[in-house]
2 protein chains.
Amino acid sequence: MTDVKHQLFEQFAIVAKALGHVHRLDLLDYLAQGERGVDGLARATGLSVANASQHLQNLRRAGLITSQKRGLQVFYQLAGEDVVGLLGALRHTTERHVAEVDRIVAGYFNARDSLEPVSRAELLKRSHEGLVTVLDVRPSEEFQAGHIPGAVNLPLKDLEKRLKDLPKDQEIIAYCRGPYCVLSFEAVAALRNKGYTAHRLEEGYPEWRASGLPVEATK
Amino acid sequence: MTDVKHQLFEQFAIVAKALGHVHRLDLLDYLAQGERGVDGLARATGLSVANASQHLQNLRRAGLITSQKRGLQVFYQLAGEDVVGLLGALRHTTERHVAEVDRIVAGYFNARDSLEPVSRAELLKRSHEGLVTVLDVRPSEEFQAGHIPGAVNLPLKDLEKRLKDLPKDQEIIAYCRGPYCVLSFEAVAALRNKGYTAHRLEEGYPEWRASGLPVEATK
DNA sequence: CTAGTAATCAATTATTCGCTTGAATACTAG
DNA sequence: CTAGTATTCAAGCGAATAATTGATTACTAG
């Protein structure tokens, strides 16, 4: 009778529980950029390989990611774009109802975020007019796995020394891993310092892709 | 630096962890019908009062519900409609990626679900044409807290004895607490047995309300 | 066949979580 | 002021979780 509901709720709980750990959210954040091997994920997140492996298995058991072995490595990937949506919903209600978020965001971002970010729709419009340089500041590994069509890859850590690659007469819109990814904040701040007109894209690459907009990958 | 991201992820994890327990999902399911006191929730879920209270405080700490004292009782309510959306996203990706769900649903519902459910849009269309009786089979307590405008309340357990209240010449669309709430399945099965033309609304009252459609409450 | 690499498994320990129990608090009605 | 009701608090215990460590499996390159 009501037994069915509880069996289903148990499944929902397993999925929610899988999302209930910082390290697993972190792993999902990286996987949302593109597939990766265990070793790469462990290095990106700073976890030991064994620990990362266990967390990844947890996520797989919950159905949030899938894996397949190719050659020596096991590659993990998000089970689907809807997982990005679920993470977005989690972020959204947390932002909305947890006061702590405001405090954290205000403390670290506000100084930089004074100029409002650009939405996806706006980026599309402005880039159709051809007046804008779209800048991807993620590491090139992630850029190669997938990026916004026409974007220029210039990882944050190389930004200083490769500044001359950027046209100074065009507006620059920077993006990275997601709405709270610090890379694009830093990039915009640095670019403004150098006299560029720079803005941040409101969200990151995973949200762009999940919304069904076209993407481009380097072979 | 990347410290900010982890502080934020910790907040997301707290919210996800709050969703990661059957009893708390159950409590949210009832709260999605309307506000309730601790005692009522404990009775509805079958938990001890102390246990229910602790789970509710957990949910409140996570920001998913709010509470206020009125008279002797403490009433809890969802923090916002977006919580229904988050639960929907959780349900959606679980359905999509966890094979176990298919098994459970197939085993219990398939026999009954042979006839496809009606969507919200369809219900609106048909009820505008005035050819349909909308039936709310939840307990009257929940009906009174809020229901679809024009719906008739006939709790499942009274259905047999109050069958004569239903016009036999109109199609009946039944709904209850949510997509997996068994009440409406049972009701449709029972009504068909008696010769009525009955269908199930695809989702329940919380989803209806969260989508911004008008609702009605009994004073 | 051997060495080396990538990942998982298994065992251990510290920590957190969930539930029960009984006491404590807060309030209301009389 | 007292009795009764609704809820929370606090302590305690067993179960589940997370991280570490070292061993093991599976595969590839030479």
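Given the structure is predicted, the values throughout are model-derived calculations rather than measurements. Order of the sequence lines sets the chain letters (A, B, ...), proteins ahead of strands, with each chain counted from 1. The figures here come from the full heavy-atom set of this structure, side chains too, leaving out hydrogens, waters and symmetry mates.
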Classify the nucleic acid contact of Val49(A) as base, sugar-phosphate or nothing, counting any heavy atom under 4.0 Å across all strands shown.
base
Of Gly37(B) and Gln54(B), whose nearest nucleotide on DNA chain D comes first from the 5' end?
Gly37(B)
So which nucleotide from dC27(C), dG22(C), dA6(C) ends up closest to the side chain of Lys69(B)?
dC27(C)
Does a side-chain N or O from Ser53(B) land closer than 4.0 Å to OP1 or OP2 of dT7(D), or not?
no
Could you state the atom-to-atom distance from CG of Leu72(A) to P of dA3(C) in whole Å?
17 Å
Residue met sooner reading DNA chain C from 5', once Val38(A) and Asn58(B) are mapped to nucleotides
Val38(A)
Over how many whole Å does the gap from Ile65(B) atom CD1 to dT7(D) atom C1' extend?
14 Å
OP1, OP2 of dT8(C) versus side-chain N and O of Tyr76(A): anything below 4.0 Å?
yes
Side-chain N or O of His21(A) versus OP1/OP2 of dA19(D): is the shortest distance under 4.0 Å?
yes
NA contact type, Phe75(B), heavy-atom cut-off 4.0 Å: base, sugar-phosphate, or nothing?
nothing
Look at all strands and tell whether Arg70(B) reaches a base, only sugar-phosphate, or nothing, counting heavy atoms closer than 4.0 Å.
nothing
Quick one: is Lys17(A) getting a side-chain N or O under 4.0 Å of the dT17(D) phosphate, OP1 or OP2?
yes
CG of Asn51(B) versus P of dA15(D): gap in Å, rounded?
17 Å
Check this one for me: any side-chain N or O of His55(B) less than 4.0 Å away from OP1 or OP2 of dC17(C)?
no
May I ask you to say what Gln57(B) touches in the nucleic acid, namely base, sugar-phosphate or nothing, with a heavy-atom cut-off under 4.0 Å?
sugar-phosphate
Listed nucleotide nearest any side-chain atom of Ala50(A), set dT5(C), dC19(C), dT21(D):
dT21(D)
Would you call the rings of His23(B) and His55(B) parallel, tilted or perpendicular, where under 30° means parallel and over 60° means perpendicular?
perpendicular
Asp39(A) CG - dT28(D) P separation (whole Å):
17 Å
Among dG18(C), dG22(C), dT7(D), find the nucleotide with the atom closest to the side chain of Gln73(B).
dT7(D)
Within 45° cone of Tyr76(B) ring axis and under 6.0 Å: Arg60(B) NZ or CZ
no
Send over the distance from Asp26(A) CG to dA19(D) C1', rounded to a whole Å.
16 Å
Between Glu207(A) and the options Arg177(A), Arg120(A), Arg91(A), the salt bridge (charged side-chain N to carboxylate O under 4.0 Å, His left out) test singles out Arg91(A)
Identify whether NZ of Lys or CZ of Arg in Arg138(A) sits under 6.0 Å from the centre of the six-membered ring of Phe143(A) and within 45° of that ring's axis.
no
Would you verify whether the NZ or CZ of Arg200(A) falls within 45 degrees of the ring axis of Phe185(A) while also being under 6.0 Å from that six-membered ring's centre?
yes
Would you call the rings of His6(B) and Phe9(B) parallel, tilted or perpendicular, taking 30° and 60° as the class edges?
tilted
Roughly, in whole Å, what's the span from CG in Leu19(B) to C1' in dG18(C)?
17 Å
Identify which nucleotide among dC27(D), dT8(C), dG18(C) has an atom closest to any side-chain atom of Arg24(B), counting heavy atoms from C-beta outward.
dG18(C)
Nucleotide dG18(C), atom P - distance to CG of Leu56(B) in whole Å:
13 Å
